[in-house]
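Position 1 is the first residue of the sequence; numbering continues from there.
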Amino acid sequence: ICKPNTDGISSFENLLANVILRVFVWVIACLTCFSNLFVICMRSFIVTENSQHTMAIKSLCCADGLMGIYLFLIGAFDIKYSGEYNKHAQGWMGSIQCQLVGSLATLSSEVSVLLLTYMTLEKYFSIVFPFSHYRAGKKQTISVLAAIWLLGFSLSFIPLWCKETFGNYYGRNGVCFPLQSDLGDLRHHRLCLLWHVLFHPHHCV
């Protein structure tokens, strides 16, 4: 009997190929959501002098929390298709639910990386130039955070708006995360590869 091999993520029967993946997706989802929610609550009650840094931390927790929600959704769909994933694989990967779930994961990772970069640069300049009179105020910080989220939304949802260009960008595997490109269309493959390298370099590590 010929039986399809797993791609490392999904199997013939299940969206998540093995028990370890199915257990850890729920464990990591719970830890991610509750730990970030805890930090947001603690930061809200603790008064600090550097309120701008607190805003950035809360924003980072929100972005990381989205990844927890993504994992909860993947775990829920794994239960839904348990034992008969092969019957629903193509429909799931081409569905709007898969596209939105993938966009959510990408939004989380993009905004997290951008926020960490911003916070690192802010700390770097405050250490290298400790006597500088310029420090980002509340309005400037809010503007930067809003710009980061706007950029994150743009990078995450452009592949959904430009289907003719990106194809089924998020539907190339069962977890709806753009881990690889198919080679069926060389033009799409090159474009997706360029998009990954330019705007999602941390996915390539």
Side-chain angles (χ1 to χ4, degrees), residues 9-10 15-16 21-46 51-81 92-122 141-163 166 168-180 192 195-196 198-205:
I9 301 174
S10 302
L15 194 157
L16 297 175
L21 286 176
R22 289 196 288 276
V23 170
F24 269 89
V25 76
W26 288 102
V27 172
I28 300 300
C30 289
L31 288 175
T32 301
C33 285
F34 291 120
S35 61
N36 282 288
L37 186 61
F38 174 77
V39 173
I40 290 173
C41 291
M42 290 300 294
R43 285 283 178 171
S44 299
F45 289 113
I46 297 175
S51 60
Q52 289 78 18
H53 184 69
T54 298
M55 285 192 292
I57 290 290
K58 287 181 180 179
S59 190
L60 179 61
C61 288
C62 290
D64 290 342
L66 292 180
M67 188 60 74
I69 295 173
Y70 160 78
L71 293 174
F72 272 126
L73 291 171
I74 291 297
F77 279 106
D78 174 63
I79 293 174
K80 179 179 180 180
Y81 299 134
W92 159 244
M93 289 189 287
S95 67
I96 186 63
Q97 293 96 326
C98 180
Q99 307 301 309
L100 292 175
V101 167
S103 300
L104 186 67
T106 302
L107 173 64
S108 172
S109 61
E110 296 302 329
V111 173
S112 294
V113 169
L114 291 170
L115 283 170
L116 286 171
T117 303
Y118 164 69
M119 293 166 66
T120 301
L121 290 173
E122 184 185 41
T141 301
I142 292 174
S143 298
V144 170
L145 295 180
I148 286 174
W149 278 96
L150 183 60
L151 180 59
F153 270 105
S154 300
L155 294 176
S156 304
F157 287 95
I158 281 176
L160 294 183
W161 298 330
C162 306
K163 284 280 190 180
F166 290 92
N168 192 15
Y169 186 74
Y170 291 112
R172 295 190 173 94
N173 53 63
V175 294
C176 310
F177 199 76
L179 299 172
Q180 74 272 343
C192 289
W195 182 260
H196 256 51
L198 291 179
F199 299 112
H200 310 291
H202 48 287
H203 292 179
C204 303
V205 177

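We find the CG-CG distance between L114 and L145 to be 11.0 Å, quoted to the nearest 0.5 Å. Summarising the geometry, atom CD1 belonging to I40 is positioned 6.0 Å from atom CG belonging to L37; distances are rounded to the nearest 0.5 Å. Once rounded to the nearest 0.5 Å, the distance linking SG of C33 with CD1 of I28 reads 11.5 Å. Remark: W92 CH2 to F77 CZ distance equals 4.0 Å, nearest 0.5 Å. Once rounded to the nearest 0.5 Å, the distance linking CG of L100 with CZ of F157 reads 6.5 Å. Distance check: L21 CG to D78 CG gives 9.0 Å after rounding to the nearest 0.5 Å.
What you find for W26 and G75 is that their closest heavy atoms are CZ2-C, 3.4 Å. Between S103 and L160, the shortest heavy-atom contact is OG-CD1, 3.2 Å.
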Task: Y170 vs T106, side chain to side chain contact (heavy atoms under 4.5 Å, CB included): CA-CA, chis, key distance, verdict - done: CA-CA 10 Å; Y170 291 112; T106 302; 3.2 Å; yes
Open item on the list: One pair to check against side chain to side chain contact (heavy atoms under 4.5 Å, CB included): I57 and M119. What are the steps and the verdict?
Closed with: CA-CA 9 Å; I57 290 290; M119 293 166 66; 3.3 Å; yes
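Of the candidates I74, N173, I79, I74 is the only one forming a side-chain contact (heavy atoms from CB on, under 4.5 Å) with L15.
For the side chain to side chain donor-acceptor pair (under 3.5 Å) condition, the pairs that include at least one residue of residues 30-44, sequence neighbours left out, are S44-K58.
Formation of a donor-acceptor pair under 3.5 Å by the Q99 side chain with backbone atoms of M93 is found in this model.
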Review item, side-chain donor-acceptor pairs of residues 59-72, under 3.5 Å, at least two apart:
{"residue": "S59", "atom": "OG", "partner": "W149", "partner atom": "NE1", "Å": "2.7"}
{"residue": "D64", "atom": "OD1", "partner": "S112", "partner atom": "OG", "Å": "2.7"}
{"residue": "Y70", "atom": "OH", "partner": "V175", "partner atom": "O", "Å": "2.7"}

